[in-house]
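Single-structure report; data block below.
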Protein chains: 2
Amino acid sequence: MSNRNQTESVILGLLSVEGNQSGYDLRKTIQGSVGFFWGESFGQIYPTLKRMAGEGLIVATGGTGSDGEGGRQRQLYSLTEAGRARLTEWLAMPCRDDPPRDEFLLKLFFGGVVPPSISIEHVRAFREKNLRLLATLEELGRLGRERNGDHPQFAFWMLTLTAGVAQIRAGLEWSEAALAMLAELEKGGQPSE
Amino acid sequence: MSNRNQTESVILGLLSVEGNQSGYDLRKTIQGSVGFFWGESFGQIYPTLKRMAGEGLIVATGGTGSDGEGGRQRQLYSLTEAGRARLTEWLAMPCRDDPPRDEFLLKLFFGGVVPPSISIEHVRAFREKNLRLLATLEELGRLGRERNGDHPQFAFWMLTLTAGVAQIRAGLEWSEAALAMLAELEKGGQPSE
DNA sequence: ACACACATGTAATTGGTTACATGATTTC
DNA sequence: GAAATCATGTAACCAATTACATGTGTGT
């Protein structure tokens with residue numbers, strides 16, 4: 001009952017809002033919905049699907065390949081009752097907080113041992129990444145509203161979006177201040193080492 | 001030259017600002033400095049130290065135990081030139097962006113399949129965690145200024161702190177709005193499933 | 001004919017956590 | 001002398017990435 005396998009959770013969740021998806025579909029769905037805060041690789045998805053089917057959490061529903069209908073080889077899956085139960089069970093559990101690891105902040109923390117230009121470069125990259133992400137998120141919001149604005153779960157999707165946007169905006173504001181500070185430092189004097 | 005082992009990087013960094021630390025010390029130092037955005041476990045630290053010593057990135061410098069001086073068994077390490085070179089090399093590399101995974105946002109995303117009270121609970125927990133973290137960070141800033149305010153790298157440490165504070169504040173503001181929205185939803189009507 | 005996107009999977013590797021085992025030293 | 005803390009380590013396990021292998025259908 002430990003639920004350490006997070007891939008399982010995303011799959012359960014996505015299949016609960018729309019069944020009959022293949023591994024390939026799931027990956028695309030992930031990228032187009034939770035992609036900005038969640039990633040999955042095929043090497044994780046396919047084995048997990050098989051395992052889950054074996055455990056009765058999902059069922060293989062049609063798809064070409066097994067029956068000789070022709071067409072491209074696809075294996076679709078849908079949630080079972082057991083799967084849905086597992087999903088709600090997982091949702092009710094408190095979030096595990098795995099220790100965060102932010103390589104960007106780590107490099108910045110040790111920025112004093114190298115010339116400031118290096119940290120400046122990192123902050124710039126951070127800023128640009130956030131700018132790109134912000135654009136993506138806004139696009140995602142636009143698309144979502146247009147295509148699923150009337151979906152009963154839309155409000156929750158928007159909630160995650162606004163959370164992302166808030167984080168990004170904060171990051172952007174901070175990065176401006178950080179760049180100003182670093183520019184000052186670069187003018188002022190070299191670091192001790 | 002891929003530097004996938006991030007534990008190595010923290011160790012290099014920390015030993016560069018202060019040598020003669022044991023695995024135990026390093027853990028404490030981590031918690032008291034980069035702890036709010038970086039975690040390490042003993043099971044990772046000790047083997048990594050051994051490997052790094054074998055590769056010549058660090059050296060075992062004194063500590064009791066090997067020489068029969070008595071006192072508690074401790075193995076201290078310091079950076080070598082090779083270690084310092086590796087550190088600067090790592091610092092100059094662009095940050096790898098490993099796919100993020102935010103279980104909180106994931107649960108919120110699927111909040112529509114369970115009663116709103118569950119999502120409310122998650123957001124509350126998120127909010128409280130952020131409040132606690134904010135207090136920790138402010139304390140950390142106070143302590144740091146008081147003890148290391150004159151250290152040449154202090155400015156960089158503050159930079160990571162302010163980044164953390166900015167993120168947290170944004171999260172807190174968002175959580176208020178989210179709670180308001182969810183409360184509304186709870187009054188209004190049950191979710192579709 | 002060729003390239004590209006679709007589609008599924010396996011194998012190797014690793015980074016990391018957790019739990020366990022052990023013992024010394026200080027403190028009460 | 002018991003408990004807490006200091007201190008180091010090992011073993012088991014697992015989640016996940018990456019690279020590789022394979023084949024089909026579509027568009028040009």
Side-chain angles (χ1 to χ4, degrees), chain A residues 1-12 20-32 38-55 58 60 62-77 90 96-103 106, chain B residues 1-11 20-32 38-54 58 60 62-77 90 96-103 106:
Chain A
M1 231 16 69
S2 48
N3 207 320
R4 318 214 83 276
N5 187 343
Q6 301 187 296
T7 303
E8 177 182 302
S9 306
V10 215
I11 292 177
L12 289 173
N20 279 314
Q21 290 198 73
S22 67
Y24 202 83
D25 295 335
L26 283 168
R27 181 104 191 291
K28 261 194 302 182
T29 309
I30 286 170
Q31 287 173 341
W38 201 274
E40 289 291 347
S41 61
F42 285 130
Q44 192 72 357
I45 290 176
Y46 285 116
T48 304
L49 281 173
K50 287 218 157 168
R51 203 209 64 219
M52 289 171 70
E55 292 177 11
I58 57 178
T64 53
S66 31
D67 41 7
E69 291 182 16
R72 195 174 265 144
Q73 176 195 20
R74 278 166 60 77
Q75 188 50 259
L76 306 180
Y77 294 95
W90 170 72
R96 55 184 252 222
D97 51 332
D98 13 33
R101 287 196 153 194
D102 190 323
E103 202 183 61
L106 194 64
Chain B
M1 234 14 68
S2 48
N3 207 322
R4 318 215 82 274
N5 186 346
Q6 300 186 296
T7 302
E8 178 180 302
S9 306
V10 217
I11 292 177
N20 279 314
Q21 290 198 72
S22 67
Y24 202 82
D25 295 335
L26 283 167
R27 182 105 190 291
K28 262 194 302 184
T29 309
I30 287 169
Q31 287 172 343
W38 200 273
E40 288 291 347
S41 62
F42 285 129
Q44 191 72 357
I45 290 176
Y46 285 117
T48 304
L49 281 173
K50 288 219 156 168
R51 201 208 68 219
M52 288 170 71
I58 57 178
T64 54
S66 28
D67 40 7
E69 291 181 16
R72 193 172 267 143
Q73 177 195 21
R74 278 165 61 76
Q75 188 50 258
L76 306 180
Y77 294 94
W90 170 72
R96 53 184 253 220
D97 51 331
D98 14 33
R101 285 195 153 194
D102 189 323
E103 201 183 61
L106 193 64

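Numbers restart at 1 for each chain; the letters A, B, ... are given by sequence-line order, proteins then strands.
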Below 3.5 Å is the cut-off: list the nitrogen or oxygen pairs between protein and nucleotides 3-7 of chain C, distance only.
{"residue": "C/dC6", "atom": "OP2", "partner": "A/Y24", "partner atom": "OH", "Å": "3.3"}
{"residue": "C/dC6", "atom": "O3'", "partner": "A/R72", "partner atom": "NH1", "Å": "3.2"}
{"residue": "C/dA7", "atom": "OP1", "partner": "A/R74", "partner atom": "NH1", "Å": "3.1"}
{"residue": "C/dA7", "atom": "O3'", "partner": "A/Q73", "partner atom": "O", "Å": "3.3"}

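Ranking C/dG16, D/dA15, C/dT8 by closeness to the B/T7 side chain, first place goes to C/dG16. The nucleotide whose nearest atom lies closest to any side-chain atom of A/N5 is, among C/dG15, D/dA16, C/dT8, D/dA16.
Protein atom CE of A/M52 is 17 Å distant from nucleotide atom C1' of C/dG9, rounded to whole Å. We find that CZ of B/R51 is positioned 13 Å from C1' of C/dG16, with the value rounded to whole Å. Spacing between atom CZ of A/R27 and atom P of D/dA16 amounts to 14 Å, rounded to whole angstrom units. For the pair B/K50 NZ and D/dT8 P, the computed distance is 11 Å after rounding to whole Å. Distance CD (B/Q21) to C1' (D/dT8): 16 Å, rounded to an integer number of Å. The distance between atom CD1 of B/I30 and atom C1' of C/dG16, rounded to the nearest whole Å, is 13 Å. As rounded to whole Å, 10 Å separates atom P of D/dA16 from atom CD of B/E103. In this structure, CH2 of B/W38 is placed 12 Å from C1' of C/dG16, rounded to the nearest angstrom.
Geometric assessment of B/R27 against the ring of B/F42 yields a positive cation-pi assignment under the 6.0 Å and 45° thresholds.
Counting only N and O atoms by type, the side chains of A/E40 and A/T7 include a donor and acceptor under 3.5 Å apart.
For C/dT17, one of the phosphate oxygens OP1 or OP2 lies less than 4.0 angstrom from a side-chain nitrogen or oxygen of B/S41. Contact annotation: B/Q6 reaches the phosphate of C/dG16 (side-chain N/O to OP1 or OP2, under 4.0 Å).
Proximity of A/L76 to A/D25: side-chain heavy atoms (C-beta onward) are separated by under 4.5 Å at one or more points. In this structure, A/W38 and A/Q6 have side chains that are in contact, with non-hydrogen atoms separated by less than 4.5 Å. Using a 4.5 Å heavy-atom cutoff, the side chains of B/Q75 and B/S22 are not in contact.
Comparing B/G43 and B/R101 along DNA chain D, the residue whose closest nucleotide (by nearest heavy atom) sits nearer the 5' end is B/G43.
Look at A/D98 and B/R101 and you find no salt bridge, because none of the NZ, NE, NH1 or NH2 atoms lies under 4.0 Å from a carboxylate O.
Here the shortest heavy-atom pairing between A/T48 and A/I11 reads CG2-CD1, 4.0 Å.
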